[in-house]
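Since the model is a prediction, treat every value here as computed from it, not as a measurement.
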Protein chains: 2
Amino acid sequence: MDPSTKTLRDAGLRATAGRRTVLTTIASRGAPLTHAEIASELTGLDPVTLYRILDSLERAGLVHRVHGLDGVWRYCPQPERRGCPGNHVHFLCTTCGAMSCLVDQPLPRVTPPPGGRIDARQFVVGGTCARCSGAGVGDAG
Amino acid sequence: MDPSTKTLRDAGLRATAGRRTVLTTIASRGAPLTHAEIASELTGLDPVTLYRILDSLERAGLVHRVHGLDGVWRYCPQPERRGCPGNHVHFLCTTCGAMSCLVDQPLPRVTPPPGGRIDARQFVVGGTCARCSGAGVGDAG
DNA sequence: GCGCAGATGCAGGTGACTTGCATCTAAAGA
DNA sequence: TCTTTAGATGCAAGTCACCTGCATCTGCGC
């Protein structure tokens, strides 16, 4: 059985061709990808279907979803050790739009406002990545 | 001179009627408001103009801007002590959509990826606010 | 192989936000 | 106070991410 098929079946999802391709694409990158980025690599898949596939993968806990400072959702493979999904800082390069996971920097504990409850946490930092720093002004510091 | 006029002039902006009203509206709430929420209180102001006013206020450092988990920007008055704008955790109620600033919880230091630089940080937590938690179990006021 | 719940594709829609351009006005100088 | 003008505003139109409804298709249990 194809590994992505097993992953999907284990998560309680049907292993359709579209889901297997999307899962493989996201996993092979290791960095959060936008809907558009994934779609550009998967010609032939309906955009709406891709939205639904990403939604099902996220609800099944196979990927986590991060909202960039640019207003676009990004999807990232969920690491093996199943902790809180996406429980780390995400770095978004505001020049090239690439996002990366700072998995070594876990999110701090947050105290909810009185009487409230916290269900999701999302810490995104924006800046310039090494590639864009080097390409533009040669200043990486 | 009207206080909002002075604030705008001090920030290097023209004190137009629209800007004064928007600034007063945001300041009077003390919590991040969406474009739609501000627009609903300011009938007669063109939506596009409101976008531009919010943009100018943000660039002048008079408000800070937070991206909610719902994909909508929210604008919040900048506190007197001019530190890093919006340098605290923001709480978004996923039930009623209200956002509040957890000003007593500053953002932790984040180490950028090798060779990269961080310009902006945004930590949003989603959950249920006290009002919505209470509404479910009997006390809605 | 069969049946069906769930997945997919297509058409159309929503809402946040942007752009271009003509008109108006706050603010500075005469 | 009047004039000038750079910058602000209003309107029309457009872009983009994402959603909804519905008919058709297909993975998977039987």
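Put simply, A/Arg9 has a side-chain N or O that comes within less than 4.0 Å of OP1 or OP2 on D/dG29. OP1 or OP2 of C/dG9 sits under 4.0 Å from a side-chain N or O of A/Thr49.
A/Ala17 comes within 4.0 angstrom of nothing in the nucleic acid, heavy atoms only. Nucleic acid contact for A/Thr16: sugar-phosphate only, since backbone atoms but no base atoms lie under 4.0 Å from a heavy atom of the residue.
Separating the CG atom of B/Asp55 from the P atom of C/dA16 is a distance of 18 Å, rounded to the nearest angstrom. A/Asp10 has its CG atom 15 Å from the C1' atom of D/dC28, to the nearest Å. Rounded to whole Å, atom C1' of C/dG15 lies 12 Å from atom CG of B/Asp70. Distance A/Leu23 CG to C/dA7 P: 15 Å, rounded to the nearest Å. Put simply, CG on B/Asp46 is 9 Å from P on D/dA12, counting in whole angstrom units. The distance from atom CZ of A/Arg59 to atom C1' of C/dG6 is 12 Å, rounded to the nearest whole Å. Put simply, CD1 on B/Ile53 is 16 Å from C1' on C/dT18, counting in whole angstrom units. Rounded to a whole Å, the CG atom of B/Leu54 is 14 Å from the C1' atom of D/dT9.
Two rings, from A/His90 and A/His67, have their centers 6.0 Å or more apart. A centroid separation of 6.0 Å or more is found between the aromatic rings of B/His64 and B/Tyr75.
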List every contact pair, protein side and nucleotides 18-20 of chain D side both N or O, where the distance is under 3.5 Å.
residue: D/dC18; atom: OP1; partner: A/Trp73; partner atom: N; Å: 3.1
residue: D/dC18; atom: OP2; partner: A/Tyr51; partner atom: OH; Å: 3.3

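B/Gln105 contributes a side-chain N or O that, together with a main-chain N or O of A/Thr111, makes up a donor-acceptor pair within less than 3.5 Å. With B/Arg19 contributing its side chain and B/Arg14 its backbone, the two residues share a donor-acceptor pair below 3.5 Å. The backbone N or O of B/Gly127 sits less than 3.5 Å from a side-chain atom of B/Thr94, completing a donor-acceptor pair.
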Checklist entry - Should B/Val89 and B/Val125 be marked as a side-chain contact (heavy atoms from CB on, under 4.5 Å) after you check the CA-CA gap, both sets of side-chain angles, and the distance that decides it? => result CA-CA 7 Å; B/Val89 180; B/Val125 298; 4.0 Å; yes
Next on the checklist: Quick one, A/Ile118 with B/Thr128, criterion side-chain contact (heavy atoms from CB on, under 4.5 Å). Give me CA distance, side-chain angles, the key distance, then yes/no.
Outcome noted: CA-CA 7 Å; A/Ile118 291 177; B/Thr128 315; over 6 Å; no
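Set against C/dA28, D/dT9, C/dT8, the side chain of B/Arg19 has D/dT9 as its closest nucleotide.
Across the interface with DNA chain C, nearest-nucleotide mapping of A/Gly44 and B/Ala15 shows A/Gly44 to be the residue nearer the 5′ end.
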